[in-house]
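It should be emphasised that the depicted structure is a prediction, and the values quoted were computed from it without experimental measurement. All residue numbers refer to positions in the sequence shown, counting from 1.
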Amino acid sequence: MRPLKLVMYAFGPYKDKVEIDFTQFNQSSLFLISGPTGAGKTTIFDAIAYALFDSASGDDRDKNSFKSDHATDLDLCYVELEFELGKKVYKVHRTPDQTGPGTRTKTRKIKSSVEFHTENSVTTKILEANQEIQELIGLTYEQFRQIVMLPQGAFKKMLESNSRQKEEIFRNIFETDIYGYFQEELKKKAKTLSDQRKKYELALQEAFKRIDSEENETLDKAIAQLDVKTVLSELDQIIKNENEELKQIRTHLSDFQEEKVRQVRLIEMLGKRDALNEEKVKLDEQEKQVDQYKTQLVNHEKAEKLVQLQKNRQDAKTEKETSEKRLSELNEKIQQVKTERATVDERYKSISIAYKKLDDVRKEVLKLNEELNRFEIEKDKMIQLSALEKRKNESQVKKEQITEQHKQLKDKHQSVKTALTELSKTREKLTARYKVLSTKKDEQNQLNQRLNNLKEVSQWREQGVELKQAFQAAEQTLDKARAEWQSAKSTYFSQLSVVLAGELEEGKPCPVCGSTEHPTKAQAKSEDITKERVDTFEKKKETAEKTFNRLVTQSEHLSHQVTERCEELGISPKDIQNEKEKVEENTEAVTEKINILQDEIKTEEAAVKQEEALTKELDTLEKKEREAAEGLYKQVSIIENSEVRLIEISKEIADLKEKQVYDSKEQVLELVVTKERAIKETERQEKTTREELNRLQNTLATAETERNLTEKRIKELSETEEKLKQTFRERMETSGFQDDFADAVLQEELVEKRKKEIQTYREARAIHTNAVKEVADFLEKADSVDSKEAHETRLTEIEATIPEWEIKRDRYIQKTSQNQSAQETIQKYQKQSEYIEKDYQLYGELSRMANGAKETDYVSFERYVLGIYFEEILDAANTRLAQMTNNRYEMHKKVEKAKGAGPQGLDIDVFDHHTGKARGVSTLSGGETFKASLALALGLSDVIQSQNGGVSVDTLFVDEGFGTLDSDSLDNAIQTLLDLHEHGRLVGIISHVEELKTRIQSHIIVEKNTSGSQAYVQA
């Protein structure tokens, strides 16, 4: 797949239509995408990925958020990609979900759509188009991201991922999930069979344990021998016998339980009859007290009504007196308001006459304002006249200046074009020098590596001399420390013998030798040595021994290193100095040539760097030429228009002067102010007086309404008072009270208490009556009723008998249920064992091997297949990595088993030829990681193309990473990408590295401004 043309409209940061023609790179298909951060460089990759796969190039972009924030709802966001595959050309047009222009309405919601154009057809269904494109290219979206479009950090993830993560990536790329499915199915089958097998065995064992039988020699023997047929036969007979016994036991138990219920009920009713007789005596005693409570409540209700009537009459009398006082106040207020209203009414009539004449005054003011307007227009026209004269003169001067400027721009334009032609020739020379410089740097690196090794060996030999001197000094120190320690130890033990000698007695045995004679006792010496001092000398001796041993080891190791390194360099130790001097001379000679080349390149690069500035200057000059021509035309138009307008304004001023009535604007303005002031004062007086008159009228109406209502209320209260007085007299006569009726009113709590006590008594009497009837009815119907004591004796006998029969019943139920359950379980699993065991042996072994056993180093079947692909990827990647690192690094599949129980077999180690050791990829520097990641991505691309016969990947896009490389590494990385270009692949790079702008000739320039970004090709 090779892109030919990309069109974006209202996409990402691009507000307007942007068209990128990749066919302009045919002569140099390695190109650089450059521009400021956030301008939209990666958006170009997003657009290609979206057109092909309906997704963005990165993980954090949503395809339905592609529409530019700079665009309006009337702009339609879309992407169109034309690409070549084989010798055929295809085109994809996609539109994301958005708010866009409508047909009947101004805007509408637009759903995502696609048009995929082939030679003979157009596909417009999204799912079908996505499937056709994927089948055509031969890559899924994830594979495309791994081998064609490498976003920031994505291919580094591949390098540093563990075996499990690589397994997931490679499974999608190489479609090995069929092997994983095969493993999983085997595991599931073996697990199912194992579970069934265990379940069968456990079920039989549990079933045998649940069999409950008394001594049965035949059954016990069958269980021991797992004779299922005999067990089932014996169980069947046992269950039949138990069911017969259980039936008889249940019959006896039912009879006893019915008799027990009858006796309990008789005892209960006889006891209840005695209790009801006692309760009747208590209720009869309560009846007199309840009658007294009823009388108290009746008197309370009568007295309470009399008290309330008395209170209502007093309230009516008090309210009538208050209303009579308010009526007097209202009469006085009404008379006062009427007097004040008459005065204000006279004043309003006088003001109304002047108010009606205001329309005539306003007309006069209107005419005066028209006169003022004519004065203002005349003033504006005079200002316009002056400004036109000034503009005409300024345009005449600018016209002459622009004419001269236009001539100078044409001369400079020709000069810049000539300079660009010369720079193009310089660029061709620069490319040739780059190749020579790269060769010389490779030679320099090899010489520097050999020189560093020689210097290191030389330093080791110098260190050897120093070690020898240190070794001799350490040996002397050790001898001295040993002598001091030995002397101190001897002295210390001598002192111990003196102490022992002082305690010896003649005729008594020595505690050391046992002798009873002590002819020569030990004598004390002048020097006093303690145990602590002996320990100090011993530590000093041990320290000296450690130092001596360390120096011996270092010396031996250093000697081994020198010998080993000399063998690697192919020289003898005695020739080290001569070889070092020879290599230094060669290095200096190559370095001098490189410096000369770099100076020449630097000079030429400095010149080439001017190319971009000159190109921009050329565009600027062309733009300025166009602007100068437009400016010249503009100034001529201004001069001509100014002359016409001057004549028109002069005539308009003359017409205005003829219509003026007054001599000056100030005279008119003074008249307007005087008349407007008089109008405002008259309007104010009319409004104030009218509002005051309305207020007095409202006040009078309110007071008269309140007076009428008050008079009516006084009449109503007098009638109410008289009625209440009459009602009170009538109630007193019928109540039977004298003046002490208030004493009969009870407290509310006492009233509630009396009512509750009366109700409680009534309920108790009703319950007692019902209970007496129930007991009498039951005893009348019962057979053979004896005394309560006789029935209690019979109940005790029955209760003692029932538990014995219940125990027998429960025992037989448990045994029968247990034996039946065991019988069913045994029958269920009887026929399964032989088939399960045979299948389990087969599938269990297959699953163990396929999912990774000890015999396969715990590598599964799928990971074994992926490992083959992985080794091919590393072989292809190491070809690139060797070129980019001057043969220093090489990636290997990790052989050593990692810690833990996770997946193994797809981890990477890096072998460093400088140290001769392998180490983890995480130890690489930032620049080394980028080179290894890029090499791995390119290796993956090569293997996928070789494995998938229909896949043709002619394009590679790389987003950033070059900023971590030094100058030499950058040369090697670029040379690797140039090799891809020479093999016909289109290679695009996004980078901010300034040096790449001079090293790569073809550019896509992305520019950013406040109204959106723009992009154009500079081939």
Side-chain angles (χ1 to χ4, degrees), residues 1-14 18 20 22 33 40-69 76-83 85 90-98 100 110-117 123-158 161 165 168-175 177 937 940-941 944 948 951-960 986 988 990:
M1 192 285 298
R2 189 183 187 92
L4 301 177
K5 184 187 291 185
L6 174 67
V7 179
M8 300 177 286
Y9 188 85
F11 190 81
Y14 302 102
V18 174
I20 298 175
F22 293 97
I33 303 177
K41 301 184 293 299
T42 305
T43 305
I44 295 173
F45 291 178
D46 286 338
I48 294 174
Y50 172 58
L52 292 174
F53 294 99
D54 201 21
S55 297
S57 65
D59 295 324
D60 54 354
R61 299 182 181 93
D62 179 9
K63 66 179 180 181
N64 292 325
S65 64
F66 281 145
K67 186 166 184 178
S68 176
D69 293 335
L76 182 64
C77 170
Y78 70 85
V79 170
E80 189 173 278
L81 175 67
E82 189 176 322
F83 64 94
L85 190 63
Y90 304 88
K91 186 167 73 174
V92 188
H93 182 101
R94 286 193 192 268
T95 303
D97 287 347
Q98 60 185 292
I110 296 176
K111 291 290 185 181
S112 58
S113 62
V114 65
E115 292 178 12
F116 177 46
H117 297 262
T123 304
T124 57
K125 292 183 178 179
I126 294 177
L127 293 178
E128 291 180 6
N130 293 348
Q131 184 66 27
E132 288 180 17
I133 294 171
Q134 181 172 318
E135 291 176 357
L136 181 69
I137 297 175
L139 296 174
T140 65
Y141 168 61
E142 291 297 331
Q143 293 169 348
F144 185 81
R145 288 182 60 201
Q146 290 289 344
I147 66 174
V148 176
M149 191 165 291
L150 308 178
Q152 294 182 3
F155 51 118
K156 182 182 176 183
K157 292 179 183 176
M158 170 71 77
S161 60
Q165 294 164 337
E168 293 173 358
I169 295 170
F170 291 161
R171 176 182 294 131
N172 292 331
I173 294 174
F174 296 111
E175 298 178 349
D177 49 350
L940 177 61
S941 172
I944 288 178
N948 299 353
V951 177
S952 175
V953 183
D954 299 329
T955 307
L956 176 68
F957 296 118
V958 182
D959 191 349
E960 280 304 342
L986 180 69
I990 289 180

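You'll find the side chain of V92 reaches within 4.5 Å of the side chain of F83, heavy atoms only.
In this structure, E82 has no side chain to side chain donor-acceptor pair (under 3.5 Å) partners at least two apart in sequence or on a different chain. The side-chain contact (heavy atoms from CB on, under 4.5 Å) search around S113 returns T95, not counting sequence neighbours. Residues forming a side-chain contact (heavy atoms from CB on, under 4.5 Å) with A47 (at least two apart in sequence, or on another chain): L6, M8, F11, V79. Among residues two or more places apart in sequence or in another chain, the side chain to side chain donor-acceptor pair (under 3.5 Å) test is passed with Q134 by none. Listed by chain and number, the residues in a side-chain contact (heavy atoms from CB on, under 4.5 Å) with Q131 are E135 (sequence neighbours excluded). Contacts of E115 classified as side chain to side chain donor-acceptor pair (under 3.5 Å), with partners at least two apart in sequence or in another chain: H117.
When all heavy atoms of I126 and V114 are compared, the closest pair comes out as CA-CG1, 3.7 Å. In this structure, P96 and Q98 approach most closely via the heavy-atom pair O-NE2, 3.2 Å. Residues L81 and A51 approach most closely at CB-CB, 3.7 Å, considering heavy atoms. When all heavy atoms of Y14 and K41 are compared, the pair lying nearest together is OH-N, 4.4 Å. Across G100 and K67, no two heavy atoms sit closer than the pair CA-NZ, 4.2 Å. Nearest approach of S68 to P13, heavy atoms of both residues: OG-C, 4.1 Å.
The structure places CZ of F53 at 8.0 Å from CD1 of I133, a figure rounded to the nearest 0.5 Å. Atom OG of S112 sits about 6.0 Å away from atom OH of Y50, to the nearest 0.5 Å.
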Could you walk me through whether F66 and T43 satisfy the side-chain contact (heavy atoms from CB on, under 4.5 Å) test, starting with their C-alpha distance in whole Å, then the side-chain angles of each, then the deciding distance to 0.1 Å, before giving a yes or no?
CA-CA 9 Å; F66 281 145; T43 305; over 6 Å; no
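Using cut-offs of 30° and 60° on the angle between ring planes, the pair F22 and F957 is tilted.
Considering L52, T124, L136 in turn, L136 is the only one that fulfils the side chain to side chain contact (heavy atoms under 4.5 Å, CB included) rule with F116.
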